[in-house]
Amino acid sequence: MQHERIYLYLARMSDTGMEEKYIHEAFASRWVTALGPNVDGFEADLERYINGNEKPGSTTALSSKKHIAVFSSCTAAIHLALLQLGVGKGDEVLCQDFTFCASCNPVVYCGARPVFVDSEPDTWNIDPVLLEQAILDRIATTGRKPKAIIVVDLYGMPARWDELERISQHYGIPIIEDAANALGSFYDGRPCGTFGMLRTFSFNGNKIITTSGGGALVCDDEAIKKHTVFLATQAREPFHYYQHETIGYNYRMSNICAGIGRGQMTLLDDRLKHQKHIHGLYKEMLDVEGIMVHDNPSGKHDSNHWLTTILLDSSVIKKDVEELCVMMDQAGIEARVLWKPMHLQPVYKEAVAYVNGISESLFRHGLCLPSGPYVSDEDVAYIVECLKQAIR
Ligand SMILES: *Cc1c(COP(=O)(O)O)cnc(C)c1O
């Protein structure tokens, strides 16, 4: 019998129809473009969540109340963050090597060069020790400091933020936190999306919550938010006619998409519970020699478990991950190999990279398993059964 297909992560709207209510309000009030009550409302919801969610006893407390602006994508938000930091032609930006291309492509949009830094084995995010070596080596080689650092909380797993913020401060190089996957994750009691100098979220269709497509930038003050919104709306100067003194972009989120976001915020807590529940089930059921379920490496790490990911020990399991994906696919299950490191991407073959073998090994031996809001307990049992058969 053909099993109904189980997807990696399918977007799911609230059962209460809140998204449609907000969209309907937008239609009725004729606010359908990149301005309006839903945009303001969604930003306010996000700010409430981020500013009000610090865990008691956090030792890395929020330094200030954050201000959040929403845009057409997380890619756009990263681009705006780089512009805000003055990244331009000839600059170098240190980027996490193990990630999706959207983390680093905006560096190229700015005319700057990404320099890739490999991951540490326990969080799979940028390795602080290698990062520091890369900074020193770039200064020695080029005579200039890298202009910024892009760190990712990949698959929702917080990076090693205490070390990374120390390095950033010590060398005076700002960090952009790509928290595209990490809404609802915490490091040492502090929400992801508040580390470094500027941070971004994604609301693409397959992320923790969605606006169909969209992103956000988390800023330390209102002035930074205002300036990035200005750049995102074609840098229009305050005149009665159209006056432009800088190059702008068309990056603002529409009032329709923001309406979906407001509805999705009402289910965020339930969504996070579901993600953790599914991850817990996988951990329990995948008690198989040679399979490691990626998990919080310390008490400080509190991942939202956006996707449950596993690593195979190649000395025990002889099947290769692509072969396993094909077998799972035949059983109606969408599994996927982990990100291919940026230093192995043809488009970045000229880029400088500081590698330690971790990201290449993750790419060769890791898998993402279906984890989204439609994945049920029965689905997990079926997926685990199929996986056990496939590795046999
Ligand atoms: C999805 C994703 C992005 C890009 O988000 P968009 O909103 O699709 O532009 C950036 N970084 C990471 C790590 C992602 O997973």
Side-chain angles (χ1 to χ4, degrees), residues 59-60 85 87 91-100 103-104 107 112-182 185-190 192 194-199 292 294-303 309 311 313 338-345 348 351-366:
T59 55
T60 56
L85 296 178
V87 173
D91 289 329
E92 285 188 344
V93 175
L94 295 168
C95 299
Q96 185 160 320
D97 179 40
F98 186 57
T99 187
F100 178 48
S103 299
C104 54
V107 172
R113 278 190 309 275
V115 170
F116 296 111
V117 180
D118 214 320
S119 289
E120 52 167 12
D122 49 1
T123 65
W124 300 2
N125 293 311
I126 203 164
D127 182 334
V129 176
L130 195 56
L131 174 66
E132 197 156 5
Q133 287 169 6
I135 291 171
L136 293 172
D137 194 56
R138 291 332 287 160
I139 295 171
T141 311
T142 68
R144 290 174 63 198
K145 271 196 307 195
K147 192 84 178 183
I149 304 164
I150 299 177
V151 175
V152 190
D153 303 307
L154 207 63
Y155 301 114
M157 179 61 70
R160 201 163 289 282
W161 282 111
D162 41 10
E163 278 298 297
L164 295 170
E165 289 203 317
R166 185 192 62 73
I167 292 168
S168 166
Q169 265 154 31
H170 181 77
Y171 293 95
I173 307 173
I175 294 180
I176 297 170
E177 178 189 12
D178 177 1
N181 307 153
S185 296
F186 292 80
Y187 182 77
D188 196 15
R190 191 169 132 194
C192 285
T194 65
F195 293 92
M197 189 165 282
L198 287 156
R199 318 84 186 164
M292 192 274 288
H294 188 35
D295 200 1
N296 295 315
S298 83
K300 286 185 178 180
H301 292 83
D302 180 7
S303 171
T309 48
L311 205 55
D313 179 345
L338 302 181
W339 298 118
K340 181 172 184 177
M342 289 304 117
H343 78 270
L344 296 180
Q345 298 290 352
Y348 286 122
V352 177
Y354 294 83
V355 298
N356 57 14
I358 298 291
S359 64
E360 287 186 32
S361 168
L362 291 168
F363 173 56
R364 273 201 308 271
H365 304 302

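Everything quoted here is computed from the prediction, not taken from an experiment.
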Contact summary for [X] and [Y], nearest pair of heavy atoms:
| X | Y | value |
| --- | --- | --- |
| Ile150 | Val107 | CD1-CG2, 3.8 Å |
| Ala134 | Leu94 | CB-CD2, 4.2 Å |
| Ile173 | Pro146 | CG2-O, 3.4 Å |
| Trp161 | Asp153 | NE1-OD1, 2.9 Å |
| Thr123 | His301 | CG2-NE2, 3.4 Å |
| Phe98 | Trp339 | CE1-O, 3.0 Å |

request  = Applying salt bridge (Lys or Arg N to Asp or Glu O under 4.0 Å) between Glu92 and each of Arg138, Arg144, Lys145, report the one that passes.
outcome  =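 So the option named by the test is Arg138.
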message = If the test is side chain to side chain contact (heavy atoms under 4.5 Å, CB included), which one of Asp118, Asp178, Asn125 qualifies with Gln96?
response =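 Of all the options given, the one that passes is Asn125.
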query = Is the shortest heavy-atom distance from the side chain of Arg160 to the side chain of Asp162 under 4.5 Å?
reply = yes
query = So do the side chains of Phe116 and Pro341 get within less than 4.5 Å of each other, counting heavy atoms only?
reply =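 No, every pair of side-chain atoms sits at 4.5 Å or beyond.
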Quick check: does any side chain N or O of [X] sit under 3.5 Å from a backbone N or O of [Y], one acting as donor and the other as acceptor?
| X | Y | result |
| --- | --- | --- |
| Asp97 | Ser119 | no |
| Glu177 | Gly196 | no |
| Asn296 | Ser303 | yes |
| Thr141 | Asp137 | yes |

CA sep, side-chain torsions, deciding dist, call: Ile175, Ile167, side-chain contact (heavy atoms from CB on, under 4.5 Å) = CA-CA 10 Å; Ile175 294 180; Ile167 292 168; over 6 Å; no
